[in-house]
Peer 1: 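After the structure tokens below, expect a handful of questions from me.
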Amino acid sequence: MQQSSPDIVTFGESMALFMPQEHKSLERATTLEQGFGGAESNVAIGLARLGCSVGWFGALGNDPFGRMIVKTLRGESVDVSRVKFSDEAPTGMMFREQVAGRLAVHYYRKHSAASRMVPEELDEEYIRGAKLLHVTGITTALSDSAKRTVLRAVEIAKEAGVTICFDPNLRLKLWTIEEAREVLLPIAEAADYFLPGWDELKLLYQTDDYEVVKAKLQLLKAVTVIKGLGDTTVVLEKGEEVSVPFYPAENVVDTVGAGDGFCAGFLAGLMKGMSPVEAVKLASINGSLVVQMRGDWEALPEWNAVEQRMSAKVWVER
């Protein structure tokens, strides 16, 4: 018998990651570090480390990389009981290099197992049994079938009264902005929590006029959390607007994974009964700690580290 659902369920693409040591270029590196990354699996690890009950699923190749990803997630206390292994398609790969302060990522994901996800493979009861479903726009951009899988998952959650959180995670390497608008904006309308970045909103709504964007967002039923509006995060809820300053990072080493750390912190705050503004404060701490170490998810903090900083009360709302 399969176990019951965790409090939070998320799914999407997770890929094997390879990167040179000591900031060498891929062209000149003789050895590569192996790891993995993916927005949703990063968030899942972040949530587990903050003490939340969370599950991640997706499609992976039945290969060493897929098995490595599942074993690591399981070791991080993430439920992976619904992961699908494919003998027909491989786990996607990405290669990252950072030379002279510039980050470049090279993706090998076409025809990957994740891109072949289909709605029929969803465990609908697993989604219905959760308190919250978290999805991102990355999965919708992988393929038509992956897009339909996300849309069906959102539909299942809405029918069951499961809270929906949506991070657009706009990736223009995967599709055009016109294609993205057509898919991402309707999901935002269905969500209970919408977590866009300011740069994403300017592209999605075709304007850099904050008041125009704000008016459009206030038509949504979702609590909207706008990341990166100047040096603040803005929370829009029921016509009210609160700006929360960024929590300072002492030493920025690698900004990869900061957004996923923010998302994990925000959702953990909600699960702990915090208001959206308090959850954003937790999220900001989480994101600030992630950038102080190299890697997609390795620096995601444990709850005690975040809790200590929460008690310092460094914020003043504007």
Side-chain angles (χ1 to χ4, degrees), residues 1-14 38-48 52-60 70 73 78-86 89 112-170 174-175 179-196 220-225 260 263-264 266-268 270-271 276:
M1 186 176 73
Q2 291 185 313
Q3 66 192 73
S4 60
S5 305
D7 289 343
I8 300 175
V9 167
T10 186
F11 72 98
E13 176 190 45
S14 198
E40 300 86 358
S41 55
N42 294 348
V43 169
I45 292 173
L47 282 162
C52 295
S53 164
V54 59
W56 175 87
F57 65 89
L60 298 166
V70 165
L73 287 167
V78 175
D79 177 42
V80 289
S81 60
R82 270 57 171 187
V83 170
K84 305 287 185 183
F85 283 106
S86 172
S112 69
S115 72
R116 298 188 183 191
M117 284 189 288
V118 294
E120 293 74 21
E121 292 179 347
L122 289 171
D123 184 332
E124 297 192 4
E125 292 306 311
Y126 190 67
I127 296 170
R128 290 190 181 101
K131 294 180 180 177
L132 186 145
L133 171 70
H134 172 65
V135 295
T136 82
I138 296 175
T139 311
T140 62
L142 296 178
S143 66
D144 180 68
S145 67
K147 176 186 71 178
R148 289 187 288 107
T149 303
V150 174
L151 295 177
R152 177 57 187 152
V154 169
E155 186 178 58
I156 293 165
K158 283 189 73 67
E159 290 170 353
V162 175
T163 299
I164 299 165
C165 176
F166 176 52
D167 185 337
N169 255 314
L170 184 61
L174 292 172
W175 53 0
E179 291 171 324
R181 285 191 196 108
E182 187 177 332
V183 176
L184 302 186
L185 292 178
I187 299 177
E189 292 174 5
D192 299 285
Y193 294 95
F194 181 36
L195 274 58
L220 303 177
K221 72 163 188 173
V223 174
T224 300
V225 176
D260 300 330
C263 181
F266 179 74
L267 295 179
L270 296 180
M271 289 295 105

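Nothing fancy with the numbering, it's 1 onward along the sequence.
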Peer 1: Can you tell me how far OG of S5 sits from CG of D79, rounded to the nearest 0.5 angstrom?
Peer 2: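 So the gap between those two atoms works out to 8.5 Å.
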
Peer 1: Where does the angle between the aromatic ring planes of Y126 and F57 fall among parallel (under 30°), tilted (30 to 60°) and perpendicular (over 60°)?
Peer 2: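 Rings of Y126 and F57: perpendicular, as their planes differ by over 60°.
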
Peer 1: Inspect the surroundings of CD in E159 and state if more than 12 heavy atoms from other residues, nucleotides or ligands are less than 6.0 Å away.
Peer 2: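 Yes, the 6.0 Å shell around CD holds more than 12 heavy atoms from other groups.
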
Peer 1: Quick check for you: to the nearest 0.5 Å, what is the distance between L133 atom CG and C165 atom SG?
Peer 2: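 With rounding to 0.5 Å, CG (L133) is 9.0 Å from SG (C165).
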
Peer 1: Regarding T136 and E40, is there a side-chain donor-to-acceptor distance under 3.5 Å anywhere?
Peer 2: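 There is such a pair (donor and acceptor under 3.5 Å, judged by atom type) between the side chains of T136 and E40.
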
Peer 1: Rounded to the nearest 0.5 Å, what's the gap from CZ on R82 to CH2 on W56? Could you check?
Peer 2: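 One gets 14.0 Å once the value is rounded to the nearest 0.5 Å.
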
Peer 1: How long is the straight-line distance from CD1 of I138 back to CG of D167, given to the nearest 0.5 Å?
Peer 2: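 CD1 of I138 is found 8.0 Å from CG of D167.
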
Peer 1: Whether E124 and R152 form a salt bridge (side-chain N of Lys/Arg under 4.0 Å from carboxylate O of Asp/Glu) is what I want to check.
Peer 2: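 Looking at E124 together with R152, the answer is yes, because their closest N to O distance falls below 4.0 Å.
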
Peer 1: Can you label the angle between the Y193 ring and the F266 ring as parallel, tilted or perpendicular, going by 30° and 60°?
Peer 2: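 Plane angle over 60°, so perpendicular.
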
Peer 1: Closer than 3.5 angstrom, by distance alone: can the side chain of S145 be matched with the main-chain N or O of M117 as a donor-acceptor pair?
Peer 2: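 Yes; judged by distance alone, with no hydrogens or angles, the pair exists.
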
Peer 1: Working to the nearest 0.5 angstrom, can you tell me the gap between L151 CG and T140 OG1?
Peer 2: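 Going from CG on L151 over to OG1 on T140, the span is 7.5 Å.
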
Peer 1: Donor-acceptor check, side chain of D192 to backbone of I164, threshold 3.5 angstrom: yes or no?
Peer 2: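 It does hold such a pair.
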
Peer 1: Say you draw a straight line from CH2 of W175 to CG of L184; how long is it, rounded to the nearest 0.5 Å?
Peer 2: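 The CG atom of L184 is 4.0 Å from CH2 of W175, to the nearest 0.5 Å.
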
Peer 1: Can any side-chain N or O of S115 pair as donor or acceptor with the backbone N or O of S143 at less than 3.5 Å?
Peer 2: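 No.
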
Peer 1: Charged N to carboxylate O below 4.0 Å: is that the case for R128 and E125?
Peer 2: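 Counted as a salt bridge, because a side-chain N and a carboxylate O are separated by less than 4.0 Å.
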
Peer 1: Would you call L132 and D7 a side-chain contact if the rule is heavy atoms closer than 4.5 Å?
Peer 2: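 No - every pair of side-chain heavy atoms lies 4.5 Å or more apart.
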
